[in-house]
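First comes the structure, then the notes that go with it.
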Amino acid sequence: MPLHAMGEDEGETCPVCRGAGFVHPLVDSGRADFGRVVPCSCSVGELRRRKTEFLERYSNLGSLSQLTFDNLSTKGRAADPVSQERFAQIHGAAQAFADDPQGWLVLSGPGGSGKTHVACAIANQRLSAGEPVFYISAADLLDHLRSAFSPASETTYDELFEQVKNVPLLVLDDLSPGSATAWAGEKLEQLLNHRFNTRRATVITTDTPVDKMDDRLSGRLLDNDFCQMWTIEQQSPLEHRGGLRLELLRSMTFDKFDHKRLELPPEQRQNLRQAFNLASGFAASPEGWLIFHGVNGCGKTHLAAAIANHQMALGGEVFFVVVPDLLDYLRSTFSPDSRISYDEYFERIRCIPLLILDDFGEQSATPWAQEKLYQLINHRYNARLPMVVTTCLSLDEIETRISSRMVDPSISLVFNIIAPDYRGNVKPVRQPRRH
């Protein structure tokens with residue numbers, strides 16, 4: 001019988017461990033496990049909490065921890081019954097994989113189809129079961145591996161690469177091997193070869209068709225004994241009324257925006273509070289344009305989504321869209337299979353009462369993209385229609401025809417968010433030493 005069981009009332013300090021949380025519970029020297037240190041029952045809850053916090057930090061999911069099976073529609077985002085039935089099968093396969101991760105689960109589909117939500121739902125279910133999982137996008141992984149070579153890096157290349165290679169469950173999001181440099185392609189091949197040969201459970205999302213991939217990678221993905229390959233169908237532009245259908249963006253409200261961020265210097269905290277106040281004021285009465293500029297992860301997308309969610313809750317008509325997705329949707333209307341014409345779709349966006357353009361950036365570099373964005377923004381400028389824009393670019397880096405309208409004080413307010421990326425840097429979590 002554990003010594004702690006000999007009895008204090010709950011809530012009092014354990015008379016045996018004295019709050020240390022550990023005790024030699026067995027005094028019978030004839031027992032095989034005599035002298036073994038085990039957690040005292042008074043510390044079980046605290047140890048469980050510490051383990052959960054450790055696994056959450058290790059997972060690198062951050063705000064993606066909100067993407068679960070509970071808020072994932074079993075029908076997906078397509079309207080036609082065939083696509084909905086297909087997504088229901090994918091949903092079931094993902095839940096089964098989350099219950100018992102074996103082999104590789106590969107989710108293929110275009111941007112906005114829901115594949116990242118499915119992948120993160122698997123990761124979060126494993127976390128809730130107390131199992132380790134590591135999430136990272138392929139682009140972020142390569143960036144962090146490159147930065148690990150810097151003498152100033154707190155993380156060595158070997159530490160990070162070993163963590164990703166050997167974690168029991170890896171979620172590798174947005175794998176695009178066709179666009180990788182020779183070095184990047186080699187790193188991805190090393191990673192996936194290792195996990196394939198060691199039979200480590202992996203979830204991969206990609207918008208690249210298998211037949212466009214390198215033969216060595218496609219050969220692994222088509223190994224039916226080890227890999228499940230599922231393709232999520234594209235929704236039509238009409239169904240994508242805006243990115244707020246994505247569960248993560250719907251959860252970005254003013255209540256959930258941390259504008260205090262006590263770890264920041266006072267100047268940055270004050271700047272973030274000002275951005276919050278500007279956004280909440282705009283949401284209450286959308287007039288003119290609000291342009292948020294800042295680094296990735298500073299909170300500008302959250303504030304833009306919070307404005308949209310607030311207006312929608314009031315019954316307002318809002319279109320929230322990531323600019324690269326908008327350009328893709330515009331291009332897709334030229335397809336013979338499109339259920340909406342380009343003119344109809346573009347006119348709808350031009351005249352929507354509140355338009356929110358997220359991640360306005362380098363994707364506007366092509367002449368066609370520049371012209372479409374100029375037409376859209378010029379119309380809203382002349383019609384004085386409310387708009388919110390987020391961008392990582394300085395206004396000097398944006399085409400003059402567009403930036404000149406963004407800086408017009410008669411309609412636009414540009415605010416630079418100086419807070420750093422709230423997600424921090426990816427660092428391998430060191431396992432505690434065992435004594």
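Model, not experiment: these values are computed from the prediction.
Side chains of Val133 and Val167 form no contact here, defined as non-hydrogen atoms less than 4.5 Å apart. Under the 4.5 Å side-chain criterion, counting only non-hydrogen atoms from C-beta, Ile136 is in contact with Leu172. Inter-residue side-chain proximity for Leu127 and Tyr135 is flagged as unmet; no heavy-atom pair is nearer than 4.5 Å. Residues Phe257 and Leu272 form a side-chain contact, since some pair of their non-hydrogen atoms from C-beta on lies under 4.5 Å apart. Using a 4.5 Å heavy-atom threshold, the side chains of Trp289 and Ile377 count as touching. By the 4.5 Å heavy-atom criterion applied to side chains, Arg401 and Asn378 are not counted as neighbours. Using a 4.5 Å heavy-atom cutoff, the side chains of Trp183 and Leu145 are in contact. Between Phe360 and Leu326, the closest side-chain pair of non-hydrogen atoms is not below 4.5 Å.
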Query raised in the report: Going through the distances and angles, do Asp358 and Thr301 end up as a side-chain hydrogen bond (donor to acceptor under 3.5 Å, both in side chains)?
Result: CA-CA 7 Å; Asp358 189 35; Thr301 293; 2.8 Å; yes
Query - Audit row: Glu189, Leu217, side-chain contact (heavy atoms from CB on, under 4.5 Å) steps and yes/no - result: CA-CA 7 Å; Glu189 184 178 342; Leu217 178 56; over 6 Å; no
Query raised in the report: Hey, mind stepping through Ile417 and Asn271 against side-chain contact (heavy atoms from CB on, under 4.5 Å) and telling me if it holds?
Result: CA-CA 7 Å; Ile417 300 177; Asn271 173 268; 3.9 Å; yes
Report task. Let me see the working for Asp328 and Arg331 under salt bridge (Lys or Arg N to Asp or Glu O under 4.0 Å), right down to the final yes or no. Result -> CA-CA 5 Å; Asp328 285 344; Arg331 293 185 187 99; 3.2 Å; yes
Query raised in the report: Could you walk me through whether Ser128 and Gln125 pass the side-chain hydrogen bond (donor to acceptor under 3.5 Å, both in side chains) check?
Result: CA-CA 5 Å; Ser128 66; Gln125 181 163 316; over 6 Å; no
Query raised in the report: Can Val118 and Phe97 be said to form a side-chain contact (heavy atoms from CB on, under 4.5 Å), step by step?
Result: CA-CA 11 Å; Val118 175; Phe97 188 90; over 6 Å; no
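Side chain of His293 to backbone of Leu393: a donor-acceptor contact under 3.5 angstrom is found. Thr198 contributes a side-chain N or O that, together with a main-chain N or O of His194, makes up a donor-acceptor pair within less than 3.5 Å. In terms of modelled atom types and a separation under 3.5 Å, the side chain of Asn124 and the main chain of Cys120 share a donor-acceptor contact. At least one donor-acceptor pair closer than 3.5 Å links the side chain of Arg380 to the backbone N or O of Pro386. Formation of a donor-acceptor pair under 3.5 Å by the Asp325 side chain with backbone atoms of Val321 is not found in this model. Formation of a donor-acceptor pair under 3.5 Å by the Asn193 side chain with backbone atoms of Gln190 is not found in this model. Judged by distance alone, the side chain of Lys115 and the main-chain N or O of Thr231 form no donor-acceptor pair under 3.5 Å. At distances below 3.5 Å, at least one donor-acceptor pair connects side-chain atoms of Gln311 with backbone N or O atoms of Ala283. A donor-acceptor contact shorter than 3.5 Å links the side chain of Thr390 to the backbone of Asp359.
Asp174 and Ser137 are not linked by any side-chain donor-acceptor pair at a separation below 3.5 angstrom, with hydrogens and angles left out of the test.
Relative ring orientation between Phe226 and Trp104 is described as tilted, the plane-to-plane angle lying within the 30° to 60° band.
Asp408 and Arg405 are not joined by a salt bridge, as no carboxylate oxygen comes within less than 4.0 angstrom of a charged side-chain nitrogen.
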